[in-house]
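Throughout, a chain's letter reflects where its sequence line sits, starting with A, and its residues are numbered from 1.
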Amino acid sequence: MDPETMMERYEPRLIEPKWQRVWEDERAFSAASPSPGSPRSETTTYVLEMWPYPSGTLHMGHVLVYTLGDVISHFRRRNGMRVLRPMGWDSFGLPAENAAISEGGHPREITERNIVSIKSSMKKIGWAIDWEREIAAHLPEYYRWTQWLFLRFLEADLAYRKESPVNWCPRDQTVLANEQVKDGRCERCGSEVESRKLEQWFFRTTKYADELLESMKELEWPARVLAMQRHWIGRSEGAEVKFRIEQLGEDVPVFTTRPDTLFGATFFVLAPEHPLVERLDSDEVRDYVRRAVAKRAAERAAAAEKTGVFTGLYATNPVNDEQLPVWVADYVLLDYGSGAVMAVPAHDERDHEFARRYDLPVRTVVAPVGGDVPVSGAFSAHSESEVLVDSGAFTGLSAPEGKEAIVAWLAERGLGEATTNLRLRDWGFSRQRYWGCPIPVVYCDTDGIVPVPDAELPVVLPDVDDYLPRGQAPLASAEEWVQTSCPACGGPARREVDTMDTFVDSSWYFIRFCDPGNDGAPWDRAPVDFWCPVDQYTGGVDHATMHLIYARFFAKALNDLGLVGFREPFRRFFGNGWVQMDGTKMSKSKGNVIGPDELVELYGADPVRLYILFIGPAEQDMDWTEGGIEGMTRFVRRLWRVVHEVVALEPVGSGDGELARKAHRTIAKVTDDIGRRYSFNTAIAAVMELVNEIGRAPDAPGARFAAETAVSLIQPYAPHVAEELWTVLGHERLWEQAWPVVDETMLEHETLELVVQVNGKLRDRLRIPAATPDDELVSLALASAKVRAYLNGAEPRKTIVVPGKLVNFVL
RNA sequence: GCCGGGGUGGCGGAACCGGUCAGACGCGCUCGACUUAAAAUCGGGUGGCCCUCGGGCCGUGAGGGUUCGACUCCCUCCCCCGGCACCA
């Protein structure tokens, strides 16, 4: 192909590899480490997207999230900021292990092969990534420090081991965190989750529950994500009240958010799994419990009817010494509150339903002021404006006063106290699988749980022959590895064979990026203090109650351990939507799946990058269509042509005409859309408008300025073609050029359209000089023949003037 | 049920603080130019209804309201998506 033709046609295959090579040679996007002691400043910025799991190929979701991050990082760099924008691999986890099981091979080989392939795809899209900081969770030089951090958590009692009922996935043969169970099913494979009692490792996430809620107000995160976290943590205010069961010699605590209704309690309920239930000597109760426990959680939740059985026991209501029959019922959950409730059927819907079914009394104790006490047996929802009735010495108090007074009365007598309850559970992170970070402890008959000394890290994941999960961790079969000596006494000991949840790896990876090569510590404080916390984090909202809570927990814990200087890891978070291809119905079996590699091959990286952000608002789900990408190719070609036309015609001067004004308005719009509004689609539309206008008058004064502006503004989205056209325009190194600056005086049109309304209806539009003083607008409007026709000689009752925009006459 | 987000042309979407006949930008469709022809490209048109071709009326899920003026604010309701769900 001769040079002439190359100049005339847009050829992504030629220009994209060319510029990718230049950036690599120039180390254009490598973030230099800060010099010792250099302080973090306003112009330091850490831009990060959630690191990918290295599955075989990229998908369009990756294209969206990393292009988004790319636009932000280019934009910030060109606005004079020093940008850290790294990439790494969340490379431990089940898919590689499952692939090893079904196809043979080692998860490590599969993972590393995938990394090579996915990285090469990423490079072809031309993302501005600092590849010199690449890290991977599965490498010993990374997981050594995951283990090291675990040991610090263990020392600080932020990690502990206990037996507890856990979510068990029968298919993946492993424990799942609560966060990984959706609708009673395994989030990953969809199997129905079972409950098992196992010894497990936990992180004490609940210790930070209050702070996790409280510091949300510092975060610039989408409301939906914060709402999800708030609900997940589920803090509720109430009281713990002790009910004595004399026959068992026990004080049984219950949690209630309605201590004001204590006088309305008419029975008492224990969860079927409650420890006290085991002590009951009744065939009827044992039989009921067996059936209730056998039901899986999902079935129990879906059950239409609440069921239960009377135990023959009575519990004493501490406020009036009434004897309440004790029932065992499946609607009470063991793992919330204390696993027992006081039942107030008049003021709790569930208790009411149960009371109706088993014909238990319903006693109203809260009623509207001055109103009638509801008919006995009715259910009444709570209202803050109601007062206590039939409540002994507390009768007549308002509901909030009653709450306070009753709790105070209980507290004085040691019968209860104000407390809060959480829905959040501690994070169980033991996994009975192979491809994860080994937990660095040993079990010794004499010394119990003994941490592996720091000097012996990493505990290297040994090779095993058989990854097939059998309910015990595959590592248990590596007998030589398992047998070790106790670091404390030197006697025989066995290694922990469970591995860590991969969310542990991803709870601290963003810190490691600041000091990726450190082999003496997980990180040094200086580079971390310089870059962290992450200023702009981007990823899927599906991680709202998993990764995004775990990482926040880690930041707080690491800060308390004195290891980092921040307590929130991600100041701003943007949650991107899902990408579907042609209405989700693409499938491998139909052979109509087109991946990013083929699209880049077919259309070029720039049109793909542009289109993924042009489809719609990036926070919404979107649908990729073939037709849409072709439109984007047309736009890039039009830009290409327009720039060459402008260069050939050599329009004189920057001009102050409409084209230059349009360019300045576009700068303002694009800057605001990218920098403040996260409105990536409308920024592209604005540049399209500008290019369309240049195309209509490529020889007009200001055309050259407008063309340069268009190329400069589109660079974060389409860096290859922008760089190429920048050289056509006679410049170089666009990626490090300052972002265009708006001339405020150029934002207005030379003339503007004055809208004239009569009674709010548009009746005429007048083109007037932009500089027309406001007080002349009315007389100009009145001069309009059309307007006079509508006024019909009448004097306007009222005249509204919006400067520079409209005049409205009200008759 | 509770919490969060939405309902705008044939389609994706725009309208940012209540103010330029709502519909930017793009897709699709359509007419035209170029071509032997097609593709590509370029130019015009494209919310609905009526029309004497000047324009008129209606129109942002439904119904009310506030306002000179409402896609935008308030009330009532319907529908869709996401999260949680016997959480006491």
Side-chain angles (χ1 to χ4, degrees), chain A residues 182-183 222-232 234-236 238 254-258 261 269 271 300-303 305-306 329-333 335-344 347-351 353-354 421-424 541-542 544-545 577-578 610-611 614-617 619-632 634-635 637-638 641 669 672-673 676-677 679 681-689 691-692 695-696 749 752-767 796-811:
Chain A
K182 305 275 179 228
D183 296 329
R224 56 179 170 157
V225 175
L226 294 177
M228 274 189 243
Q229 291 204 349
R230 198 172 294 115
H231 192 265
W232 188 261
R235 187 185 134 109
S236 49
V254 301
F255 175 73
T256 178
T257 55
R258 297 291 310 277
T261 65
V269 192
R300 226 166 105 172
E305 294 235 289
K306 303 183 189 343
D330 57 3
Y331 79 95
V332 174
L333 309 173
D335 63 353
Y336 186 78
S338 61
V341 301
M342 65 172 206
V344 184
H347 304 292
D348 181 280
E349 243 178 309
R350 295 150 301 178
D351 296 342
E353 192 186 327
F354 192 80
N421 218 327
L422 294 176
R423 195 185 163 282
L424 183 74
V541 287
D542 46 321
T545 57
W578 289 93
L610 280 163
Y611 183 58
F614 183 72
I615 300 173
E619 71 274 16
Q620 281 176 27
D621 291 349
M622 56 194 82
D623 191 35
W624 180 281
T625 62
E626 284 289 299
I629 178 80
E630 279 161 21
M632 209 43 68
R634 281 197 273 277
F635 163 64
R637 288 203 188 117
R638 200 180 323 134
R641 195 185 66 235
K669 167 86 178 149
D672 191 47
D673 281 354
R676 181 181 65 88
R677 295 181 65 215
S679 184
N681 54 329
T682 52
I684 298 173
V687 178
M688 286 176 163
E689 278 188 58
V691 172
N692 290 345
R696 281 191 275 274
H749 295 260
L752 54 84
E753 223 163 51
L754 181 70
V755 172
V756 186
Q757 298 178 331
V758 177
N759 284 333
K761 293 222 178 229
L762 181 128
R763 294 307 180 196
D764 199 8
R765 296 185 300 167
L766 308 171
R767 188 149 282 285
R797 191 164 55 83
K798 194 172 172 188
T799 304
I800 284 113
V801 179
V802 181
K805 287 193 171 149
L806 65 77
V807 174
N808 185 13
F809 297 111
V810 186
L811 297 181

Heavy-atom closest contact (A:Asp351 atom, A:Val344 atom, distance): OD2-N, 2.9 Å
Strand partner of B:rC11, provided both Watson-Crick or wobble distances fall under 3.5 Å: B:rG26
Side-chain N or O of A:Arg230 closer than 4.0 Å to phosphate OP1/OP2 of B:rG4: no
Quiz item: A:Arg224 side-chain donor-acceptor pair to B:rC3 base, under 3.5 Å: no
Sugar-phosphate, base or nothing in reach of A:Arg696, heavy atoms under 4.0 Å: nothing
Identity of whatever pairs with B:rU66 - Watson-Crick or G-U, under 3.5 angstrom: none
Watson-Crick or G-U wobble partner of B:rA85, both distances under 3.5 Å: none
For A:Asn681 against A:Pro617, the heavy-atom pair lying closest together: ND2-N, 3.6 Å
Touch class at under 4.0 angstrom, heavy-atom based, for A:Arg638 against every strand present: sugar-phosphate
Watson-Crick or G-U wobble partner of B:rC34, both distances under 3.5 Å: none
Closest-nucleotide 5' rank along RNA chain B - winner of A:Trp232 and A:Ala685: A:Ala685
Whole-Å distance separating the CD atom of A:Glu349 from the P atom of B:rA85: 18 Å
